[in-house]
Protein chains: 2
Amino acid sequence: MSKDSKIPNPTIQRLAIYSRPLEILLESGLPVMSSEKLAGLCGVNPAQVRKDLAYFGEFGIRGVGYDVRDLLQAIKGILATDREWALCIVGMGHLGSGLVQSENFKKRGYMVKAAFDSDAGKVGRKLACGLTIQSASGISQTVRKLGIEIGLITTPPHEAQRVAHLLQEGNVGAILNFTTIQIRTRKKCVIENADLSVKFENLVYHLEQLDKV
Amino acid sequence: MSKDSKIPNPTIQRLAIYSRPLEILLESGLPVMSSEKLAGLCGVNPAQVRKDLAYFGEFGIRGVGYDVRDLLQAIKGILATDREWALCIVGMGHLGSGLVQSENFKKRGYMVKAAFDSDAGKVGRKLACGLTIQSASGISQTVRKLGIEIGLITTPPHEAQRVAHLLQEGNVGAILNFTTIQIRTRKKCVIENADLSVKFENLVYHLEQLDKV
DNA sequence: AATGAATTGTGAAATAATGCACATGAGTGG
DNA sequence: CCACTCATGTGCATTATTTCACAATTCATT
Ligand SMILES: NC(=O)c1ccc[n+]([C@@H]2O[C@H](COP(=O)([O-])OP(=O)(O)OC[C@H]3O[C@@H](n4cnc5c(N)ncnc54)[C@H](O)[C@@H]3O)[C@@H](O)[C@H]2O)c1
Ligand SMILES: NC(=O)c1ccc[n+]([C@@H]2O[C@H](COP(=O)([O-])OP(=O)(O)OC[C@H]3O[C@@H](n4cnc5c(N)ncnc54)[C@H](O)[C@@H]3O)[C@@H](O)[C@H]2O)c1
């Protein structure tokens, strides 16, 4: 269970997805939930829900279902979203600024501790959230000093690899890369690519297929 | 190809990923590329690259490799990114504004034709790209009139399902949903969910696992 | 023209993920 | 206390995806 019995990656993604309706249902006071209902809300198979959870333990009651509060807490524990994480953003352009100003981060325990840009015209500018944009030259040092664990990259693509390097020098454990290139890493560091344009192209492909039929 | 020989979804995603280094390599003048090098740049297995392409035809030359220009064009043809697409954004908050102001869209042929918000304080505001924010009440009508094919949703989660409805009334063919809930659809419409927080939770989970070892 | 090196395209094997189907335990009502 | 219903947890079959391994083809060299 907590053994490294190799959890499928899709399972982790789905756990995150399951937690959304659970949060809403918890607020609305629903005490109990079945795998079938949850599956319906998330667009997956009920057996899938049960199997995903079974990788980590037994959270339900046979014949009854899952206690909403307990299940949500269990999922948060598994995903490690039940604590705060310190992060920084590199590249305060349109996307970076949009992300950092959003309330969504703080609400979920992601604390933006620093924002960097290489543009001298942007360095020193104060953001609504209280942070001041810092020069990209200080990334490694600042990241290390503030104990930042996660780095977001929203620079242009050709800068991403270099920035990733600096972040790793500063000892971040994970990088979320929004640019269109794949970052490579030598050090032990979790890399996740969130290339939005892949989503677009996926969409467009399927749309085209639809039209063809 | 036009056979429904069921293309794996991961294949489509990877085609998009392959196209990035190809674009760069084309500009830098490299004429030919092997599956092995391309695979290296994209972090996948070389056989995977060849198999992905093989679903759609033969694009390479044995013993030589792939012509960069031809391959890129072929991929764009497959993904249908070789033409313009009309899209709109609903929800001009932090994320929506960041997306729409980015140059990335236009550069890739995604033409933002309309931007909507329900906040009266935002309606009428003029954006840097020339568009004026319109009232969300006109979504269906405007979408239909302008022939918008793709709708982006960047409202708060609880509005997403309703907005999706309006977009479909206006006859969009595809929806890219950035909120945290899963949208359901009755009509024939391509839905893609781009829940960024799933990415975060994935990252945090793996980071926690690293620390444990 | 023949040899060797390179690299594709692809069937078949291996691996991964999903979904079925049912035994199992919990609650309910008589 | 028994029978019945519900919904979980899970072994196993099925389906999907990845990777291997090699014949086929191209090009360069002698
Ligand atoms: N916005 C989108 O819709 C979208 C979609 C897909 C992908 N992306 C990707 O997201 C990334 C950012 O997009 P954007 O629209 O915000 O771009 P942008 O040009 O608005 O912002 C980039 C910012 O990075 C800064 N920068 C450049 N080099 C830097 C460095 N070495 N260190 C620190 N900062 C540096 C620039 O000064 C600028 O402020 C791009 O890689 C783009 O491909 C964006
Ligand atoms: N920004 C992030 O980092 C981030 C991360 C993960 C998910 N998200 C998701 O992205 C979405 C948007 O995030 P944001 O930070 O931009 O939020 P935001 O609050 O800044 O913007 C939401 C905008 O939608 C508008 N709106 C509300 N109801 C509407 C309706 N019915 N029709 C049209 N417009 C409407 C609001 O007026 C507001 O301008 C949210 O669902 C959020 O969960 C954002």
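Chain A is the first sequence line, chain B the second, and so forth, proteins listed ahead of strands; every chain is numbered from 1.
For the pair A:Glu58 CD and D:dA7 P, the computed distance is 18 Å after rounding to whole Å. Atom CG of B:Asn9 and atom C1' of D:dT15 are 15 Å apart (whole Å). If you measure from atom NZ of B:Lys6 to atom P of D:dT15, you get 11 Å, rounded to the nearest angstrom. In this structure, the NZ atom of B:Lys51 is 12 Å from the P atom of D:dC20, given to the nearest Å. Counting to the nearest Å, the P atom of D:dT17 and the CZ atom of B:Arg14 are 9 Å from each other.
Atom CE in A:Met33 sits 12.0 Å away from atom CG in A:Asp67 (nearest 0.5 Å).
The two residues A:Gly91 and A:Thr155 make their nearest non-hydrogen contact at CA-CG2, 3.9 Å. A pairwise comparison of heavy atoms in B:Ala194 and B:Leu176 identifies CB-CD1, 3.9 Å as the closest pair. Nearest heavy-atom pair, B:Gly93 versus B:Asp117, reported as atom, atom and distance to 0.1 Å: N-OD2, 4.1 Å.
Ring geometry for B:Phe200 against A:Phe105 counts as perpendicular: the plane angle is over 60°, on a 0 to 90° scale with 30° as the lower cut.
Applying a 4.0 Å cut-off to non-hydrogen atoms, none of the residues of residues 66-80 of chain A approaches DNA chain C. Residues from residues 36-45 of chain A placing a heavy atom under 4.0 Å of any atom in DNA chain C, listed by number, are A:Asn45.
Each of A:Ser34 and B:Arg50 lies near DNA chain D, and the nucleotide nearest A:Ser34 is the one positioned closer to the 5' end. Nearest-nucleotide mapping onto DNA chain C: of A:Pro10 and A:Gly63, the residue sitting toward the 5' end is A:Pro10. With the nearest nucleotide of DNA chain C identified for both A:Val64 and A:Gln48, A:Gln48 has the one nearer the 5' end.
Counted by atom type alone, B:Arg50 and B:Ser35 present one or more donor-acceptor pairs between their side chains at under 3.5 Å.
Nucleotides of DNA chain C that come within less than 4.0 Å of any heavy atom of chain B span, from the 5' end to the 3' end, C:dA6 to C:dA12.
Comparing D:dT8, D:dT26, D:dA21 against the side chain of B:Ile61 picks out D:dT26 as the nearest.
Within the 4.0 Å cut-off from OP1 or OP2 of D:dC27, not a single side-chain nitrogen or oxygen of B:Arg62 is found.
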- Task: Let me see the working for B:Glu23 and B:Arg69 under salt bridge (charged side-chain N to carboxylate O under 4.0 Å, His left out), right down to the final yes or no.
- Result: CA-CA 8 Å; B:Glu23 275 172 354; B:Arg69 182 185 306 275; over 6 Å; no
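One finds no salt bridge joining A:Glu201 and B:Arg14 here, because no Lys/Arg side-chain nitrogen approaches an Asp/Glu carboxylate oxygen to under 4.0 Å.
Residue B:Ser35 is in sugar-phosphate contact alone, with no base atom involved, counting any heavy-atom pair closer than 4.0 Å across all strands shown.
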